[in-house]
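Beneath this line is the structure, given in structure tokens, with notes to follow.
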Amino acid sequence: MCGLVGLVGSHNVAPDIYDALTVLQHRGQDAAGIMTCEGGRFSLRKSEGLVRDVFRQQHMQRLEGSIGIGHVRYPTAGSSGPALAQPFYVNSPYGIALAHNGNLTNAEQLGKELFQDDLRHLNTDSDSEVLLNIFAHELQTLGKLSPGADDIFQAVEAVHRRCRGGYAAVGLIVNYGVLGFRDPLGIRPLVVGERQGLNGRKDYMIASESVALDVLGFSLLGDVAPGEAVFIDMEGTLHRRQCAEAPVLQPCIFEHVYFARPDSLMDGISVYKTRMRQGAALASKIRRERPDLDIDVIIPIPDTSRIAAQSMAHELGIKFREGFMKNRYIGRTFIMPGQSQRKKSVRQKLNPVPLEFEGKNVMLVDDSIVRGTTCRQIIEMARDAGASNVFFASAAPPVRFPNVYGIDMPSASELIAHGRSVEEVCELIGADWLVYQDLDDLIECSREGNEQIDAFDCSVFSGDYITGDVDQHYLDHIEAQRNDEAQSRKRAAQQEEGAVVGIHNNA
Ligand SMILES: O=P(O)(O)OC[C@H]1O[C@H](OP(=O)(O)OP(=O)(O)O)[C@H](O)[C@@H]1O
Ligand SMILES: NC(=O)CC[C@H](N)C(=O)O
Ligand SMILES: [Mg+2]
């Protein structure tokens, strides 16, 4: 789940892009990059690591220009390494850079077409490089010496015809402007905002989440609609057009469960309020199913579950306590590469406050259980800290199916609830009782924020893939390519051979 920023300003935009990327850091911790454009030349800095580690003063000084894009990466396709960091760049037509959030389900097929039919070279195994080349090829075929907004929108129309999966993207075209577009189902989020710039101009920002706009003093104009493209030209004029034939908003519900920051507004839905509703819905289920359950204290597993746990405690009239302290210097565990790193960091990250556990019946709450890495260790910690009974609640339903739209859950067999009943999961994680949110309730919690949305992408809970192109053959293929073992083999080979070599980088 990567984070995107595109900015057209009235002075150097790199510092603002940097700040916006730090606000979106929760969406990707692997790599970061910024590309700006000044006087017909691109400047790029991208590398592995957190935003604060990738950009030094000397890089920021070289990132000149009043238009630019930025990216934080959480890999879902291709390898890791500096060359896979984004934005990607092609020099023809015009000079285009692109950053992508999501995952193309037909990237392999498109890669072949790009090579055989479009005579384009791909330098990495990233689906984002595929997306950029499709867009570039479609813009090139229009054959314009200088492209206008209509040409750009036509190229996006062709992208929608050719690409499948989840994608939101921001792009930068040398001397012409910044664009953003979102897949026809709006699976991945994208918003646009404006603020007063210098000399009576308006500055525009496109970003994955509205929090990035808030922090930089932009007001939210709204979401980029599913299938829509926005383009801000060098004069600072915003153009927008629907580029898909049959757009229907079906955003990814896992953004509301885990990915997005709670202070974001996505497709008109407050993520914070949705998580409050999730807690309340879970409380009703507990009251329904186990009215007799003797809970002394409700404890969240920081960070993401705090809001749902608080509202659950409120609804049940039970004490809420912060029983686990989080080391603020350790990032999100779930989006780390490799199971051993994820496992190690749960213990480094969370430590119990023993007096909240000693002799008590505790109800631990998490936003979701995916691989079970977190809850297994946490339950053990709660018992070691002296809890009498450890109950566990998940604000999301069982995650039983892989994600193919931009969340790195490619392998069904690594999901603890895949092919297992709730009782079996309960036993595996070592809880005394386990309760999951019902899917209908989860959907209702999100829909209450925007009743115009009829359906969400709930594939990880339902196995229903809304793009209609995902079959068992595809799922087997990504499982084989991207399961934890395959990825650690890839990383080891990379370490031996050296990182995948990139092309343009101001090291
Ligand atoms: O079952 P698992 O595979 O462990 O995945 C689920 C856990 O991972 C996430 O936490 P994470 O530490 O990534 O982020 P957070 O601090 O935002 O909660 C999520 O909030 C759950 O706690
Ligand atoms: N999480 C994402 O959005 C990933 C984007 C892209 N598929 C990559 O792996 O770089
Ligand atoms: Mg968590």
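Numbering of ligands and ligand atoms starts at 1, following listing order.
- The side-chain contact (heavy atoms from CB on, under 4.5 Å) with M363 is formed by just one residue from the set V390, I286, V297; it is I286.
- Only the side chain of D367 comes within contact range of ligand 1, with a heavy atom under 4.0 Å; no backbone atom does.
- The protein atom (non-hydrogen) at minimum distance from atom 12 (O) of ligand 1 is K349 NZ, 2.4 Å.
- The protein heavy atom nearest to atom 22 (O) of ligand 1 is D366 OD2, 2.6 Å.
- When only non-hydrogen protein atoms are considered, atom 5 (C) of ligand 2 lies nearest to G102 O, 3.3 Å.
- The closest protein non-hydrogen atom to atom 17 (O) of ligand 1 is T304 OG1, 2.5 Å.
- Of all protein heavy atoms, the one closest to atom 11 (P) of ligand 1 is T333 N, 3.5 Å.
- A salt bridge is absent between D441 and K285: the closest approach of a Lys/Arg side-chain nitrogen to an acidic carboxylate oxygen does not fall below 4.0 angstrom.
- For the pair K46 and F88, the cation-pi test (distance below 6.0 Å, angle within 45°) is passed.
- Side-chain contact annotation: Q29 with Q25, donor-acceptor N/O pair under 3.5 Å absent.
- For the pair R332 and Y258, the cation-pi criterion (under 6.0 Å, within 45° of the ring axis) is fulfilled.
- Protein heavy atom nearest atom 7 (C) of ligand 1, with residue, atom name and distance: T374 OG1, 3.5 Å.
- Annotation: G331 places no N or O atom under 3.5 Å from an N or O atom of ligand 1; distance criterion only.
- Aromatic ring pairs are classed by plane angle as parallel below 30°, tilted from 30° to 60° and perpendicular above 60°; the pair Y74 and F259 is tilted.
- With respect to the salt-bridge test (charged N to carboxylate O, under 4.0 angstrom), the residues D432 and R383 qualify.
- Listed by atom number, the atoms of ligand 1 under 4.0 Å from I369 heavy atoms are 1 (O).
- Regarding atom 1 (N) of ligand 2, its nearest protein heavy-atom neighbour is M1 N, 2.4 Å.
- Close to ligand 2: Q86, with a non-hydrogen atom less than 4.0 angstrom away.
- Every atom of ligand 1 is numbered from 1 in the order shown, and the set under 4.0 Å from a heavy atom of T373 is 1 (O), 2 (P), 3 (O), 4 (O).
- Every atom of ligand 2 with a heavy atom of G406 under 4.0 Å away is listed here by number and element: 1 (N).
- The shortest N or O to N or O distance between S368 and ligand 1 is not below 3.5 Å.
- In this structure, P75 is part of the shell of residues with a heavy atom less than 4.0 angstrom from ligand 2.
- Side-chain contact of Y167 with H160: a donor-acceptor pair under 3.5 Å is present, judged by distance alone.
- Rounded to the nearest 0.5 angstrom, I295 CD1 and N361 CG are separated by 8.5 Å.
- Salt bridge annotation for E113-R162: present, with a cationic side-chain nitrogen under 4.0 angstrom from a carboxylate oxygen.
- In terms of polar-atom proximity, defined here as any N/O pair under 3.5 Å, I301 makes no such contact with ligand 1.
- When hydrogens are left out, the protein atom nearest atom 10 (O) of ligand 2 is R73 NE, 2.5 Å; that is the closest non-hydrogen contact.
- In terms of protein heavy-atom proximity, atom 9 (C) of ligand 1 is closest to Y258 CE1, 3.3 Å.
- Using a 4.0 Å cut-off between heavy atoms, K326 contacts ligand 1 through its side chain alone, with no backbone atom that close.
- Remark: D267 engages R182 in a salt bridge, criterion side-chain N to carboxylate O under 4.0 Å.
- With respect to E48 and R73, no salt bridge is recorded, no charged nitrogen being found less than 4.0 Å from a carboxylate O.
- Among I369, L282, V399, L442, the single residue meeting the side-chain contact (heavy atoms from CB on, under 4.5 Å) criterion with Y436 is I369.
- Taking a cut-off of under 4.0 Å to the non-hydrogen atoms of Y74, the atoms of ligand 2 that pass are 1 (N), 2 (C), 4 (C).
- Nearest protein neighbour of atom 3 (O) of ligand 1, counting heavy atoms only, is R371 N, 2.8 Å.
- Protein heavy atom closest to atom 7 (N) of ligand 2, with residue, atom name and distance, is D127 OD1, 2.7 Å.
- In terms of protein heavy-atom proximity, atom 8 (O) of ligand 1 is closest to F334 CB, 3.3 Å.
- In this structure, a donor-acceptor pair under 3.5 Å is absent between the side chains of T304 and R275.
- Counting only heavy atoms of the protein, atom 4 (C) of ligand 2 lies nearest to C2 SG, 3.0 Å.
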